[in-house]
Amino acid sequence: MSDAGSFADYLKTLGRLTSHVDPTASTPEAERIIQATGTLGDMLDTDVAGLAAWVRDHPADVPVLGLAVGLSQEKLKNVLRDRFGTTGWHGVARSQPVDLITWLDTEFDLVRMLRTQLERTYTFADILVARAGSRVTATRAGASGRHIEDEIEAIAHDLGLDYVTRSRFTGRNGRTAPADLIIGDPDTADIVVAAKGFDSTGSKLTDAVREIEEMAEVRLPKQLVLAVIDGIGWKSRQSDLRRIHQLWADRQIDGMYTLVSLDRFRDDVREFAALRRLI
């Protein structure tokens, strides 16, 4: 197993898990949106330069552009932090309006999305779909969280290992702990892996930390404990992520990876499995 690198280097490897969706609508405060779109005027049918001028003059209304491309305020904050190092759209809009709009257009197709939605005639069915939007988003968030689990399961399968997913393993003094991937019999597990991916923030991130701490606490000396963690939501909960990284630095867990370092994860699992004659 490799030694823990710096927390800052690990933080840089976190990436966005959720793919972008062409949304139908969102449901924020109606009056604020009506006022903001009213000030846009002809800017809604213009180019990047015109929209940059608009956000410079109306920095508080940047979330309206976010909604136009399907970003809630929470997701807007997360992608802003990932791109500009801050969640404050007011400051970015005032100091870097062209960079902000250029990035929104490149990443989320802002100009075309605005024009398309303005020219479209909406039906009653569209209204109902918009009202269901929060449930659709929640479903997609769950699917993105499963992406890491699917990736590590595929690696275990490719290596020909016996495993179970989303279960509990037995460790010290007969105590058990949760794991997203357990290689070997859960009662005598050889390798246990936590897979925690989040693009949004919330209590689930803290719960994920507790689960990994529980894994570290009950592990037997012969058991390998690994964590695969990704998603830009962790950038807004760095204290939680740092707790996991410290477990790695203190060798209470044996490895910590993101999706970009899954090749190293595969190599480490293969090496340990060979030592234990699992393959």
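These numbers were taken from a predicted model, which means no experiment stands behind them.
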Side chain to side chain, [X] and [Y], heavy atoms closer than 4.5 Å:
{"X": "Leu11", "Y": "Leu241", "result": "yes"}
{"X": "Lys235", "Y": "Leu14", "result": "yes"}
{"X": "Trp103", "Y": "Val79", "result": "yes"}
{"X": "Leu110", "Y": "Leu51", "result": "yes"}
{"X": "Tyr163", "Y": "Ile191", "result": "no"}
{"X": "Lys196", "Y": "Glu211", "result": "yes"}
{"X": "Leu114", "Y": "Leu65", "result": "yes"}
{"X": "Ile183", "Y": "Phe272", "result": "no"}

Smallest separation among heavy atoms of [X] and [Y], with atom names:
{"X": "Ala195", "Y": "Ile148", "value": "CB-CG2, 3.5 Å"}
{"X": "Phe265", "Y": "Ile155", "value": "CD2-CD1, 3.7 Å"}
{"X": "Ile212", "Y": "Ala227", "value": "CD1-CB, 4.2 Å"}

Is there a donor-acceptor pair closer than 3.5 Å between any side-chain N or O of [X] and the backbone N or O of [Y]?
{"X": "Asp254", "Y": "Val225", "value": "yes"}
{"X": "Asp105", "Y": "Val111", "value": "yes"}
{"X": "Ser167", "Y": "Val164", "value": "no"}
{"X": "Asp185", "Y": "Asp187", "value": "yes"}
{"X": "Asp61", "Y": "Val64", "value": "no"}
{"X": "His157", "Y": "Glu153", "value": "no"}
{"X": "Glu107", "Y": "Leu104", "value": "no"}
{"X": "Arg172", "Y": "Leu220", "value": "no"}
{"X": "Asp190", "Y": "Gln223", "value": "no"}

Looking at [X] and [Y], does any basic side-chain N land under 4.0 Å from a carboxylate oxygen?
{"X": "Glu271", "Y": "Arg266", "result": "no"}
{"X": "Asp207", "Y": "Arg210", "result": "yes"}
{"X": "Arg146", "Y": "Asp180", "result": "no"}

Between the side chains of [X] and [Y], does any donor sit under 3.5 Å from an acceptor?
{"X": "Arg81", "Y": "Ser236", "result": "yes"}
{"X": "Asp9", "Y": "Ser6", "result": "yes"}
{"X": "Arg237", "Y": "Thr206", "result": "yes"}

| query | Taking the six-membered ring for Trp, are Trp248 and His245 parallel (under 30°), tilted (30 to 60°) or perpendicular (over 60°)? | reply | perpendicular
| request: May I ask you to check whether over 12 heavy atoms, not counting those of Asp162, lie within 6.0 Å of atom CG? | output: no
| field | Candidate pair His147 and Leu259, rule side chain to side chain contact (heavy atoms under 4.5 Å, CB included), full reasoning | value | CA-CA 10 Å; His147 177 56; Leu259 289 177; 3.7 Å; yes
| task | Flag the pair Phe84 / Trp89 as yes when their ring centroid distance falls below 6.0 Å, and as no otherwise. | result | no
| request: Tell me, with the steps shown, if Asp230 and Tyr257 meet side-chain hydrogen bond (donor to acceptor under 3.5 Å, both in side chains). | output: CA-CA 8 Å; Asp230 214 328; Tyr257 316 82; over 6 Å; no
